[in-house]
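Note on naming: letters A, B, ... go to the chains in the order of the sequence lines (proteins, then strands), and numbering restarts at 1 for each one.
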2 protein chains.
Amino acid sequence: MSHSSGVRQVQKQQTRQALLDAGLRLLEHQNLSSLGLRELTREVGVSPAAFYRHFPDMAGLGVALVGEALGSLHATIRAVLAQGAGAAGSAQNDALIEASVALTADYVADHRPHIRFIARERHGGVGPVRAAIAAELDRFADEVAAGLATQPDSARWSAADLHVLAQLYVDHMVATAAALLEVPPDDRAGHERILAAARLRMRVIAVGRRHFFDADA
Amino acid sequence: MSHSSGVRQVQKQQTRQALLDAGLRLLEHQNLSSLGLRELTREVGVSPAAFYRHFPDMAGLGVALVGEALGSLHATIRAVLAQGAGAAGSAQNDALIEASVALTADYVADHRPHIRFIARERHGGVGPVRAAIAAELDRFADEVAAGLATQPDSARWSAADLHVLAQLYVDHMVATAAALLEVPPDDRAGHERILAAARLRMRVIAVGRRHFFDADA
DNA sequence: TCATTCAGTAAACAACTGTTCTCCGACTTT
DNA sequence: AAAGTCGGAGAACAGTTGTTTACTGAATGA
């Protein structure tokens, strides 16, 4: 058999990664559908034909970038949500909100180009990429719904309705991430303004969930 | 002076409109940044050079499309929100939610390509278009905030926090509109599924607003 | 050691791109 | 009726684009 860590494979992965990195760099200021194959290979320093050794399409490159951008996030999200399992009270809830917002802020700070790519291509013109992003976000919603289900405030909620609520949380986090991109990375004040707004909105949603089945709701 | 309804002006507006219409048609399956000038003029049946008589750029065409897509919506939104002014009780609130959701559904049904364009270019690669969309959505948030302010449930809310809440409503409506686009126009079941989820989420937010300052919030 | 695999190259393909120029001819003003 | 305006056509510009082809030479496995 051919073990997968031969010199050949390693070098192939290196240029593949170089293509992904250069793509991300070039996509900071343009859409995937306007990124040229030659433009990309020129940036990397390989011949145009070399691209086809790694991806069938530009769409293929895009799908790979989606995985790079969001793939590692699932475990992190589950970890954050686990800290609120079974906990009650608004103090505990606020801690969970704070942790979620902090996670969003940190991830955007550390992966700006990736997040920008996701925001840009979420409704972009490249079908397979749109589908890949939608699939990842759906998985996020599943995970958030599972996390919500363990909390006392969700006692009277059906699984289906919890999933709808989870989508609201996910959408809101994506919106917050996109808002953070609109502000320069070193603008601490603008940064904090967005995060404060995000916290407020999450608290409104949390309160709404808790009182949703009250008599005067 | 030259009155603005001469044969000349009318014909000019006609080809301008033809450019906008053809643009919208071609943008249904691609991004603005990948729409070629020649591709567009070919679709309309005019020479490439004719484009420059109407727009300096593709970005210019895009900004004009933003106005076409969202400009007429402000008055409609104000009208819907006015019906809830000063009203209390969850029944009245539900009516307002229903009206908002119905407005969104109708507008998407009647302006699918426009809304698709907005969703696609909201975070797209063309700066001026992004800015134009952001400006329109900000105006929507202003209008929603003004509408919310007239309701008893907002009694203890500051103007600034109401504006943050209004952005949540606007974001949610945009997300709902985008979700409607993902489903074929004649899929009544999928359509209704999305609208039911939107209503639920809006109700959660409304309940959260009402109980936000409760002792156990 | 020798044959095989295969990532990357170079060149050629036909087609396409945005922009500028000069010109025409129908509308508009005087 | 003459002079002026101006939307649009047509051609030329110098590039660019994605894709396929035959090839090289180093890593690989027997």
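If you measure from atom NZ of Lys12(B) to atom P of dC6(D), you get 9 Å, rounded to the nearest angstrom. Between the CD atom of Gln11(B) and the P atom of dC27(C) there is a distance of 6 Å, given to the nearest Å. In this structure, CD of Gln17(A) is placed 13 Å from P of dG8(C), rounded to the nearest angstrom. The nearest whole Å value for the distance from the CD atom in Gln30(A) to the C1' atom in dT16(D) is 14 Å. Protein atom CD of Gln9(B) is 11 Å distant from nucleotide atom C1' of dT5(D), rounded to whole Å. dG18(D) atom P lies 12 Å from atom CG of Leu61(A), rounded to whole Å. Distance Leu19(A) CG to dA7(C) P: 13 Å, rounded to the nearest Å. Summarising the geometry, the separation between CZ on Phe51(A) and C1' on dT17(D) is reported as 14 Å, rounded to the nearest angstrom.
Classification of Asp171(A) and Arg122(A) as a salt-bridged pair holds, one side-chain N sitting under 4.0 Å from a carboxylate O. With salt bridges taken as basic N to acidic carboxylate O contacts below 4.0 Å, one links Glu192(A) and Arg199(A). Ionic pairing of Glu43(B) and Arg25(B) is present here: one or more N-O contacts between side-chain nitrogen and carboxylate oxygen are shorter than 4.0 angstrom.
In this structure, Leu40(A) and Met58(A) have side chains that are in contact, with non-hydrogen atoms separated by less than 4.5 Å.
Taking every heavy atom of both residues into account, Leu26(B) and Glu39(B) meet most closely at CD1-O, 4.0 Å. Among all heavy-atom pairs drawn from Arg112(B) and Leu180(B), the shortest one is NH1-O, 3.7 Å. In plain terms, the two heavy atoms of Pro48(A) and Leu37(A) that are nearest each other are O-CD2, 3.6 Å.
Between Arg8(B) and Ala50(B), it is Arg8(B) whose nearest contact on DNA chain D lies nearer the 5' terminus.
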### Task
Could you run through nucleotides 12-23 of chain C and give me one letter per nucleotide, 5' to 3': B if any protein heavy atom sits under 4.0 Å from the base, S if only the sugar-phosphate is that close, - if neither?
B----SBBB---
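OP1 or OP2 of dG8(C) has at least one side-chain nitrogen or oxygen of Thr15(A) nearer than 4.0 Å.
For the atom pair Leu200(A) CG and Trp157(B) CH2, the distance stands at 5.0 Å (nearest 0.5 Å). Atoms CZ and CZ, from Arg188(A) and Arg193(A) in turn, are 14.0 Å apart once rounded to the nearest 0.5 Å.
In DNA chain C, runs of at least 3 stacked Watson-Crick or G-U pairs (N1-N3 plus N6-O4 or O6-N4, or N1-O2 plus O6-N3, all under 3.5 Å) give these stems: C:1-12 with D:19-30, C:14-17 with D:14-17, C:19-30 with D:1-12.
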